[in-house]
Every structure is written in C-alpha cells, then in structure tokens.
Amino acid sequence: MHKVIREFPLDSSQKGAMTGNGKTGALLWGKDNVLNITLGCADLWDHRGGFEWTAEHNFEAVCDALKRKDADGIKAMFAYGKSRPSIIPVGRIVVTLPEKCELLRYEQILVTGETRIIYSAGGMEKSLSFYSGMDMKSVFSCRGIDEDVALTLVPAWKLFRGKDYTNFFPSMRNSFEEMGFEPVCEYEFTDGCGFIQKLPADPSCSVLLKRNGGDFTVVFQRGITDEIELARTPVPEYITARRASKRFWKKYWSDTPEISHDDPVIEELYRHGLFKYGIMTNPEGVTPGLQGPWIEDHHLPPWSGDYHFNINVQMINMPGLAAGKFANLKKLFEMVLSWREILRYNAKCFVGISDGYMLPHAVDDRCKCMGAFWSGTIDHACSAWVAMMMFDYCDRSGDFEFLRSDVYDFMQGTMNVFKKMLSYDSSGNLMLPVSISPEFRGSLIDAWGKNSSFQLAAIHRLNRDMVRAAEILGVEADPFCREIAEKLPEVTLEDGEIALWDGLLLNESHRHHSHLGALCPFDIIDPESGKWRDIIDKSLYRWVQNGMGQWTGWCTAWASQIYTRVGNGNMANMLLNIWNMYFANEGGGSMHDGCFSGFTIYSNFRQEMEVMQIDGAMGVICAVQDQFVHSQDGVIRAFYGTPPRGRKLKFTNMVMPGGFRISGSRVFTKYTTLNVKASRDGVLRIKLPESEIFEKKMAAGSEIDLYYENGRLVEKKSGCILYY
C-alpha cells in the first residue's frame, strides 16, 4: 500500500491532507468547490511569558507545602503569570474552483511525496498536484491551476478572532490584538501576493505566494521587514519542489522497515504514519512538538503546541528507533542538550547541585517552563525518559562517540538529581518520599505519594542503561548504581499488584498508564517470569476493571504496547483498530479526543475545537513495530503482539538494541522464521511467545537464520531454505 485516499468533504483543517517539510506544514481541506490550505510552522514561537525557576522552587519547600496540604502555596509557587509562550498560527490559502466544480478526494503517493487533489469539472476528473519543498526552499508548489481558479491568501490576523477560545483552554487568547501584536501588512504583486506579520518579541514571519501560469508556489520566511525585501524573496519553480521531494522520499523509504499484516488497517496506519513521521522529522527541519508543523490557522494550538516530556514528545519521536531513522531522531537530543545550562540551573534550584540536569514536563523550544502544573514541573522521570531514548539511540545506531561526548554526561546528571530526591527508610532501603504519577489527580494537593511506581521504574531503567553505557565506554559506573539495584524497589506493590504509589491502587479510569511503566516504556520486568506473572495478571485485571472511560488517543496506542508486552496480540491489535475508528478523523488526522461520543468522556464536549496531537498517530507506529518485534528486560521478542491466528505476517529490517537488524515471517504459528544481522559484536538473546530464549554470540557483519521447531528457535543448517 503506497497510496492513501480520503474523500471530501473535509470540513476542518485537522481533517486535511498533511504535507510539509519538517519546519512548515500545510493542511489541505475543504468542500464543494473551495480548497483551503492551512499553513503552519513548527517553530513560529511567541516567546513571551512562562515560568521562571528560582531558589524558592526547591524539593524541600515543595515537600513541605505538600505535606502541610498548602494548596494555595503550591499554586502560587508554580504560577506562570499572565501569559505563557505559544506557537502562533500563520494563515490560509483559499483555492476557489469554478462554481460547478466539486472536490472529490485527496490521494497521497507515499513513495514520491505527491499529494493530489481530485475534483470534478464538467463531468471530468481533474487534479491539482502538490509537492512540499523538502529542500526547505518553499513550503510547497502546486501544478494544475487553470486560469479561472482564484487564489486568495488570508493571514491568521484575519482568521484568529470572533470566538472566546478561553472557554476551551484558559491560557489562550482570542486574537492577535489581544496578544499585543501589530496589524498584519498585506501586499499585492503582479504575479502574486504576500503578507508580513510582526511579532512583539520575535522575528517577523512572512508568506509569499507567486503564480506562474498553471503553477503556484508558497514561500515562508522569518525576519523580513518590508515590501521590497518580501518581493525579492527567491521563489523556486514547481519542478524544483518535485525533484527535491522525490529525492527525499526515495532515500527515506530505501531503508525503512516494511511490514505485511493480515489487517489492511494496520498496514495503512503504519505506512501513512511513517510518511507523516518523515515529514515532521526531516533532519533539515525542527524537532516536532505536540502538533508538529500542522498548526490551525484560526486559534492558538492547544497546550501552546509545546514540548510535553511526560510521554508526548517521546511518543512522537520514538518510531525512529526501530525504523532506524537516526538522523531524524537525533534532532530531539541535540535540542535537549542545547538546553544544558538551563537544565543545570533547574537542578541547582530544585535540589541544590551544580552537576545535575532537570527537564520539566512542558517547555517551549528555549526550555522556558510553562508552569502552573506543579506535579508535571517536578516530574523528573521526564529527564530519565529522554536519557533512556538517548542511550537507546546510541545502542541501536552504534553512535558511541555521541554516548561518550554527550549522552553519558546527561544520564549521570539526571541520576544526580534522583540521588538528592532519594532517601533511606528505617530498614536501610532507598525510597522517594515525595513522588508523582504523571497526571494522576492533576495538580491537586494530594497528587503525590511515596515511591511512585512510574518514578521507580524510570530510575531503574536509567540505572541499567548507565551500567551498560559504562561497559561500552570502558569506564567505571557510578557506585550508586549498585545501591539502586539492591535497595530501591522496581515498583510499589499493594496486595500483590502494582500500585500508583505507596497505599494507592488504581481506583479510576486514567489516560496515563503510568503505574505500568515498568512494562512499557521502561521495559525493566519480564512478565513471563515466575516473579512477575501473577503480579502483572492482577494489575491488568484492575486496569481493565476501571475501564477506558477517560482514555485519549495517545494512551490507546500506549495500551496496545502494554498488551503486546504480555503476549495478548488480539487485544493489542483491537486497540489499534479502535484508535483508527475513534481517534482518527475522516481525513486520517490524529485526535486527542474521540471523534464521537460513547467510548470516553474526552469526546464531543470539545466539538467546537478539534484537538489534534500527532503523538497518537506516532504511538500507533510504535505499537505496530512492537507487535512484530520489541525488546523487554534485555530479550528481543518477536510476534508477541500479532494476532495468534494471523495467517501471514512479515516484517523486515527492524533495528533492535545491540544493533541487531531483525526480519521475520510467520504463517500461522507453526511456520515462523527469523533473520538476524549483527552490525557489531554482541550477544543475541531472542524468543517467540511459544519458544525458549535463543542465545548466541554474533560478530559484526554476521548473519543467521532461525526457524521455530518443537518449542525452540533453531539455527538454519547449511543447505536449508527459509522463506521471508
């Protein structure tokens, strides 16, 4: 499947076809004879406002206020003032076809990056062809514009007004005027039009649209201040964008892992998702936030379009690990590492050390904290999760120079903050006296407890990765690593099941499956072991008992990953279909809330304001990858999340920890084969749901074939033929 088709009408921007180049994005939507093209930019920030850390925001003061139940004191401590930074909208192009024309469908050709808008005209089908400027020279170029087609450029200044958006998100404003912006300046040229929007504290943004016969091209720039400079902006031809797009996608798809699945829905979610991933993580672009470059044109993006590090940014970027898109993924780490001085300052304020790093859960692209949400601001698992991804990147890619120069230091600095937060109990064991489980009870004064299972799992994963990193680099691991391994519980248990924190079992439906973090994402326990099997069964029983009534789009994909970890392929697969039916809109957009009522409370109560977050669609990619192959507690596990009655399943070239590239095929259970290629020396440990662990030392460049037989994975003998 290399073509995605959706039918018009698509009556809102986030239902539109997604195109873009990693920095700017376009959403193509509309109905009847009007095609709207919403323009967005992933780093068009109004940087004013936000929360400033001070020495008053220290762990001891927070603990004291929480233990005294001083809700007003906590609220005042983390207040962000009158405003917070936000990405701002850009504008819209309105393409008006002749009156008797009608939009029919869009088709995205994934292998070339072309988006076609098909419409009827006089009983015939005609099309507009769009290519994004993957070389960053344009937003996109379009071919197929007849003389009687009208083009209108509308700046967001004119669109962002007329509704009280604070009804939906109190941190929003209702117009550029209310935000203190100067009026937009619009210009007409002989061959097009444009506008310049000045920002109060940041470089201006400008859009230039130029028409050339049946083509038109759109260019976005920062820092232009006058009409003459705008008019002189270089505008590439359609053919330039087409060539750049084809080059980019040919290279992108050449080494992208492929899958074959019984369920065509899963195949489309995977491939269309990886297409969107390729757009928004273009190494020439910027690191994507909650919406990537696909920002609405008529209001501020929900949650400012910021970087949420308590799962969302990780989920958005994690498909690049198994897909081997290391250049796309590394941008995230480079952005975080560029904030080191700020992260050190945060750690100094919070726990009083100069050799720590602390990353709050919600920041802009300069690491300015959004504030207000105290439990998120002190969630140090945000730092640990990013550290885990950094090490996982190094482990899979073999980029050990990056591990030596930057990543190990970040891991150690993250652990240094945990050292100060941990203390010893009366038995000599380590504990977290105050900890949170992300978003449980929100920012209420009782949204905390001792030994949050999520925080414990994050610490243990960081600890294990630090030990492995030290071995790779040939250095001595921090002696505190042994203390953690021996004296800190992996999770908190209550009555034989995993609790959110000491004394609290899950007691309601909750979208953040944080208490199960030891299973996923931190992968520190083996659910098949005698130690954990009954505990996991009881914990999942309570999880199911509390239901899905507060689930959102991204957490449904996460739940699929959890079911894969325990070998429940039927449920893992069903949840992805639920996501597609309920959290993907008519155009394939990735919704935070459900598209209709009945499944979760997060649905039609926001019907006037669609909330798109790209994390759901990216989480689905991760869930599909995991279905076929993933790593759990140091063992690579294949076909754990695929339906057990799957007739014919196949995957190729998935990148696993240790630098192993895995391919496999499965026809029912009986006929299962695997191919493993080693990119460096290492020990392969791999299994199927029905097999024992197969273990073998492999040398760099070596390759083996395995097949399933009588409960074991067996290495292929010379002369034996296996099929993939």
| request: Check the angle between the aromatic planes of Tyr252 and Trp249 and answer parallel, tilted or perpendicular using the 30° and 60° thresholds. | output: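 Tyr252 and Trp249: perpendicular rings.
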
| query | How are the rings of Phe628 and His261 set relative to one another: parallel (under 30°), tilted (30 to 60°) or perpendicular (over 60°)? | reply |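 Perpendicular: the ring planes of Phe628 and His261 meet at over 60°.
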
Flag for [Y]-[X]: side-chain donor and acceptor within less than 3.5 Å:
X: Arg666; Y: Thr672; answer: yes
X: Gln455; Y: His380; answer: no
X: Asn328; Y: Asn282; answer: no
X: Ser663; Y: Lys677; answer: no
X: Asp502; Y: Asn451; answer: no
X: Glu528; Y: Tyr640; answer: yes
X: Glu268; Y: Asn580; answer: no
X: Glu703; Y: Asn675; answer: yes

| request: Could you walk me through whether Lys531 and Asp526 pass the salt bridge (charged side-chain N to carboxylate O under 4.0 Å, His left out) test, one step at a time? | output: CA-CA 8 Å; Lys531 176 182 177 181; Asp526 179 2; over 6 Å; no

| task | Could you give me the CA-CA distance, side-chain angles and deciding distance for Thr600 and Phe583, then say whether side-chain contact (heavy atoms from CB on, under 4.5 Å) is met? | result | CA-CA 11 Å; Thr600 168; Phe583 293 107; 4.0 Å; yes

| task | Determine whether more than 12 heavy atoms belonging to other residues, nucleotides or ligands lie under 6.0 Å from atom CD of Glu486. | result |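 Yes.
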
| Option passing ring-ring contact (aromatic ring centres under 6.0 Å, His included) with Phe333 (candidates Phe391, Tyr393, Phe410) |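 Output: one option passes, namely Tyr393.
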
| Applying the ring-ring contact (aromatic ring centres under 6.0 Å, His included) test to His513, which of Phe440, Trp551, Phe454 qualifies? |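 So the option named by the test is Trp551.
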
| Do Trp253 and Phe248 have ring centres separated by under 6.0 Å? |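 So the answer is no for these two rings.
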
| said: Centre-to-centre under 6.0 Å for His512 and Trp558, is that the case here? | reply: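 Yes; Trp558 has its ring centre under 6.0 Å from that of His512.
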
| task | Given salt bridge (charged side-chain N to carboxylate O under 4.0 Å, His left out), test Glu692 with Arg712 step by step and report yes or no. | result | CA-CA 6 Å; Glu692 301 172 352; Arg712 297 186 304 138; 5.8 Å; no

| Asp465 and Arg461: CA distance, side-chain angles, deciding distance, salt bridge (charged side-chain N to carboxylate O under 4.0 Å, His left out) verdict | CA-CA 6 Å; Asp465 286 348; Arg461 176 58 189 262; 3.0 Å; yes

| field | Under-4.0 Å salt bridge between Asp395 and Arg468 | value |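 Salt bridge present between Asp395 and Arg468.
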
| message | What verdict does the ring pair (Phe, Tyr, Trp, His ring centres under 6.0 Å) test give for His308 and Trp554, after you've listed the backbone C-alpha separation in whole Å, the side-chain angles of each residue and the deciding distance to 0.1 Å? | response | CA-CA 13 Å; His308 265 50; Trp554 52 264; 9.5 Å; no

| request: Examine distances only and state if a side-chain atom of Asn310 and a backbone atom of His361 form a donor-acceptor pair shorter than 3.5 Å. | output: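 Here the side-chain-to-backbone pair does not exist.
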
